[in-house]
Structure formats: C-alpha cells, structure tokens
Enquirer: 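Structure below; questions to follow.
Because only heavy atoms are used, hydrogens play no part in the values below, and waters and symmetry mates are left out as well, while side chains stay in. Positions are given from 1, in the same order as the sequence printed here.
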Amino acid sequence: MTVDQVADHVEHAREVAGVDHIGLGGDYDGVDHQPTGLGDVSGYPVLLRELADRGWSRPELEALTGRNVLRVLRAAEERATEPLWPTVPLR
C-alpha cells in the first residue's frame with residue numbers, strides 16, 4: 001500500500017463519518033507491515049502533504065491529527081461520574 005492509497009482511505013472515512021469523527025493513530029504495535037513511506041509516525045508529514053494537495057484545509061488536518069481526539073477526551077471527562085485522573089497527589 002502507498003501513501004496515496006492511505007490518503008484514499010482517509011478521504012473515504014471523511015466521506016462516511018465526517019471530518020469531525022476521524023483521526024490518525026500511531027499504534028504500529030502488532031502489525032506485520034506498514035504502507036510504503038508510513039513505517040512510523042515520521043511519515044505523517046508525507047500523508048498530510050498529500051491530503052493538503054487534495055484540498056484539505058489546515059483546520060481539517062488539525063482535526064485529523066489530534067484536535068478530534070482531544071475534543072472527545074474532554075467531553076468524556078466532563079461527563080464522567082468518576083474522576084479520570086488520580087485525586088490524591090502522586091509521589
């Protein structure tokens with residue numbers, strides 16, 4: 001698989017779910033092979049350049065690369081009935 005093909009998949013996810021509901025993850029643990037040029041997260045700039053060349057805006061790329069997950073985590077924390085973080089000082 002190539003970076004272009006990965007970009008195709010990302011664009012398909014955007015079409016299906018919407019840009020506010022997708023994100024990139026860097027969990028490469030347990031995979032047998034990675035797309036050419038995306039052997040680890042250091043290849044993300046190549047993918048992001050490809051998406052930008054396809055017309056993705058800066059806010060869309062920011063959502064894809066972290067803002068969406070931060071928004072979801074904040075919403076989960078706001079709705080949690082128990083603290084998500086330790087309430088006693090850590091030593």
Enquirer: Applying side-chain hydrogen bond (donor to acceptor under 3.5 Å, both in side chains), which residue pairs with at least one partner in residues 70-79 are found, sequence neighbours left out?
Expert: Asn68-Arg71, Glu77-Trp85
Enquirer: Is the closest side-chain heavy-atom distance between Glu11 and Leu51 below 4.5 Å?
Expert: yes
Enquirer: Does CZ belonging to Arg67 count more than 12 external heavy atoms closer than 6.0 Å?
Expert: no
Enquirer: With a distance cut-off below 6.0 Å to the six-membered ring centre and an angular limit of 45° from the axis, does Arg49 pair with Trp56 as a cation-pi contact?
Expert: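 The answer is no; the distance or angle limit is not met.
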Enquirer: Is it the case that one hydrophobic cluster holds both Leu38 and Met1, taking links as side-chain heavy atoms less than 4.5 Å apart, direct or via other members?
Expert: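 Linked, Leu38 and Met1 end up in one cluster.
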Enquirer: What's the shortest heavy-atom distance between Leu61 and Ala52, and which atoms?
Expert: CD1-CB, 4.1 Å
Enquirer: Side-chain heavy atoms nearer than 4.5 Å, only ILVMFWY residues, links allowed to pass through others: does that put Leu24 and Val46 together?
Expert: yes
Enquirer: Hey, are the side chains of Val10 and Leu64 touching, using non-hydrogen atoms and a 4.5 Å cut-off?
Expert: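 In contact.
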Enquirer: Does the side chain of Thr2 come under 3.5 Å of the side chain of Asp4 through a donor N or O and an acceptor N or O?
Expert: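 Short answer, no.
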Enquirer: Tell me whether Val41 is reachable from Leu47 by hopping between hydrophobic residues (I, L, V, M, F, W, Y) whose side-chain heavy atoms are closer than 4.5 Å.
Expert: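 Leu47 and Val41: one cluster.
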Enquirer: What's the verdict on salt bridge (charged side-chain N to carboxylate O under 4.0 Å, His left out) for Arg54 and Asp8, showing C-alpha distance, side-chain angles and the deciding distance?
Expert: CA-CA 10 Å; Arg54 294 179 181 207; Asp8 291 342; 2.7 Å; yes
Enquirer: Can you name the closest pair of heavy atoms from Ala7 and Glu50 and give their distance?
Expert: CB-CG, 3.7 Å
Enquirer: With rounding to the nearest 0.5 angstrom, report the OG1 to CD distance, Thr65 to Glu60.
Expert: 11.5 Å
Enquirer: With rounding to the nearest 0.5 Å, note down the distance linking CD1 in Ile22 to NE2 in His12.
Expert: 10.5 Å
